[in-house]
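Below is one structure, written out as structure tokens; the observations come after it.
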Amino acid sequence: MKLTDIARLRLHHQQISQQSFTKPQDVVRWLVAVQAQDYLNSLWAVGLRLKNARDQDIEQALVDKTIVRTWPLRGTIHYTSPEDVRWMLKYLAPRVITRYGTVHRQVGLDAKTLTKGMKVFAKALEGSAPLTRPELYDALGRAKINTGEQRGLHILVYSALKGLICVAPRRGKQPTFALLDEWLPATKMPDREEALASLARRYFSSHGPATVQDFAWWSGLTGTDARKYLDAVKKEFEEATVEGQTYWFKPVEGKLKSATGAVFLLPPYDEYTVAYKDRSVVLEDAQAASTGNGIFRPVVISGQRVVGTWKRTRSKNLFTVETDITPPFPKAKQETLKKALKHYGRFVSIDVELS
DNA sequence: TGTGGTGCACCCGCTGCAAC
DNA sequence: GTTGCAGCGGGTGCACCACA
């Protein structure tokens with residue numbers, strides 16, 4: 001096995017070079033969590049993995065509560081499945097909350113204020129329609145809690161990590177928030193061992209080939225726990241050592257579709273680029289896709305690897321897409337790029353042109 | 001209707017230190 | 001020596017607003 005084989009298998013398992021699903025909830029359940037910090041682009045992260053989806057299909061899934069947006073992994077906002085959200089928060093969020101302790105101290109948020117903030121949110125949202133961020137900040141203000149210097153945001157995220165609230169569909173362009181237990185029906189809570197072994201199984205199935213370090217990074221588990229839960233399920237996977245790293249993966253039944261000639265436009269923070277500790281498998285030049293401080297740009301994939309970035313600019317009825325590909329595509333490849341743009345245009349239901 | 005400026009929200013990677 | 005934790009710095013996209 002070579003690095004290109006790893007990338008090709010990841011494109012397959014991540015539902016990019018082939019799509020097995022027709023519903024947003026099936027994609028999200030398969031990947032366990034899909035990073036969703038940039039809302040409009042995150043719709044495409046789900047949509048590109050579906051057959052013939054449009055952006056309103058993903059938004060409708062949020063309205064229908066078949067997927068939910070909250071902070072289940074690494075303190076990062078993701079889409080996840082209603083049946084997964086509570087156990088992920090229970091078993092994965094405590095480490096994130098510990099890590100946020102430093103930031104809370106910096107902005108002057110102590111445990112008493114955070115608890116009071118949660119009570120304010122609970123009272124404001126109980127039996128109410130979802131509220132926007134400004135509305136929740138007003139509630140904090142009325143309770144004499146200062147929301148400046150991002151304190152309001154930190155109370156909001158803390159409340160989500162504690163499982164009190166989750167993100168509900170947008171009102172206009174504003175995201176709204178609801179009480180998790182009012183928004184989603186009660187679900188079975190697996191015990192820790194069962195839940196985290198299942199997490200390992202699902203990560204290596206949907207994201208493999210991946211290393212135990214990748215799993216630890218993605219899940220936020222400690223290295224010790226990541227090894228423990230991989231050990232619990234690794235007999236279900238194949239193992240390959242490439243350039244000194246051990247990768248675990250599900251083999252593909254039948255012939256693996258070649259993605260060498262295909263071009264894919266991935267959104268910023270896509271699982272294909274973000275969900276691994278070691279991104280060198282797909283990022284020849286890491287700077288092309290990442291600024292190095294947590295910001296991931298939208299990328300162009302060709303021959304399984306990141307070959308450049310793309311950027312969209314919206315005017316009234318048109319998206320103009322600008323690409324930065326090195327070296328520039330030859331004419332034939334430009335046509336493949338235009339095909340990828342057409343796919344994206346269908347998804348957003350707006351004409352897309354290459355600048 | 002388009003353009004430009006401003007502020008907000010986002011969270012990752014790196015380094016150093018402590019604990020085991 | 002390995003692992004985990006704490007602290008810190010910072011680039012990008014979006015919403016919003018003012019103005020042409």
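In what follows, chains carry the letters A, B, and so on, assigned in the order in which the sequence lines appear, proteins first and then strands, with residues in each chain numbered from 1. The model shown is predicted, which means the values in this text are computed figures rather than measured ones.
- Taking every side-chain heavy atom of A:Thr76 into account, B:dC11 is the closest of B:dC11, C:dC5, B:dA9.
- The CG atom of A:Leu73 sits 11 Å away from the P atom of B:dC11 (whole-angstrom rounding).
- Each of B:dA9, C:dA15, B:dC11 was ranked by its minimum atom distance to the side chain of A:Arg170; first place goes to C:dA15.
- Residue order along DNA chain C, read from the 5' end via each residue's closest nucleotide, puts A:Gly223 first among A:Gly223 and A:Pro268.
- A:Thr222 has no side-chain polar atom (N or O) that falls below the 4.0 Å cut-off from OP1 or OP2 of C:dT3.
- Look at CD1 on A:Ile77: it is 14 Å from C1' on C:dC14, rounded to the nearest Å.
- A:Tyr247 places none of its side-chain heavy atoms less than 4.5 Å from the side chain of A:Thr241.
- Annotation for A:Lys65: atom NZ counts as buried by contact number, over 12 foreign heavy atoms lying within 6.0 Å.
- Both cation-pi conditions hold for A:Lys250 and A:Phe237: the charged atom is under 6.0 angstrom from the six-membered ring centre and inside a 45 degree cone around its axis.
- When the nucleotides B:dC11, C:dT3, C:dG13 are ranked by their closest atom to the side chain of A:Asn41, C:dG13 comes out on top.
- Between A:Arg227 and C:dT3 there is a side-chain polar atom (N or O) within less than 4.0 angstrom of OP1 or OP2.
- A donor-acceptor distance shorter than 3.5 angstrom exists from the side chain of A:Arg54 to the backbone of A:Arg346, with no hydrogens or angles considered.
- Closest contact between the side chain of A:Trp217 and the listed nucleotides B:dA9, B:dC12, C:dC5 involves B:dC12.
- Along DNA chain C, the nucleotide nearest to A:Thr224 and the one nearest to A:Trp310 differ in position, and the one closer to the 5' end is contacted by A:Thr224.
- Residue A:Trp71 places at least one side-chain N or O closer than 4.0 Å to OP1 or OP2 of B:dC11.
- A:Tyr158 places its OH atom 19 Å from the C1' atom of B:dC11, with the value rounded to the nearest Å.
- The CD atom of A:Gln213 sits 9 Å away from the P atom of C:dT3 (whole-angstrom rounding).
- Side-chain contact between A:Lys333 and A:Ser302 is present, with at least one heavy-atom pair separated by less than 4.5 Å.
- Distance, A:Tyr269 OH to C:dG13 P: 8 Å, rounded to whole Å.
- The distance between atom CZ of A:Arg133 and atom P of C:dC14, rounded to the nearest whole Å, is 15 Å.
- A:Trp44 has its CH2 atom 18 Å from the P atom of C:dG13, to the nearest Å.
- For A:Arg74, no side-chain nitrogen or oxygen approaches OP1 or OP2 of B:dC11 to under 4.0 Å.
- In this structure, A:Leu156 atom CG and B:dC11 atom P are separated by 12 Å, rounded to whole Å.
- Taking side-chain N and O atoms only, A:Gln35 has a distance below 4.0 Å to OP1 or OP2 of B:dC12.
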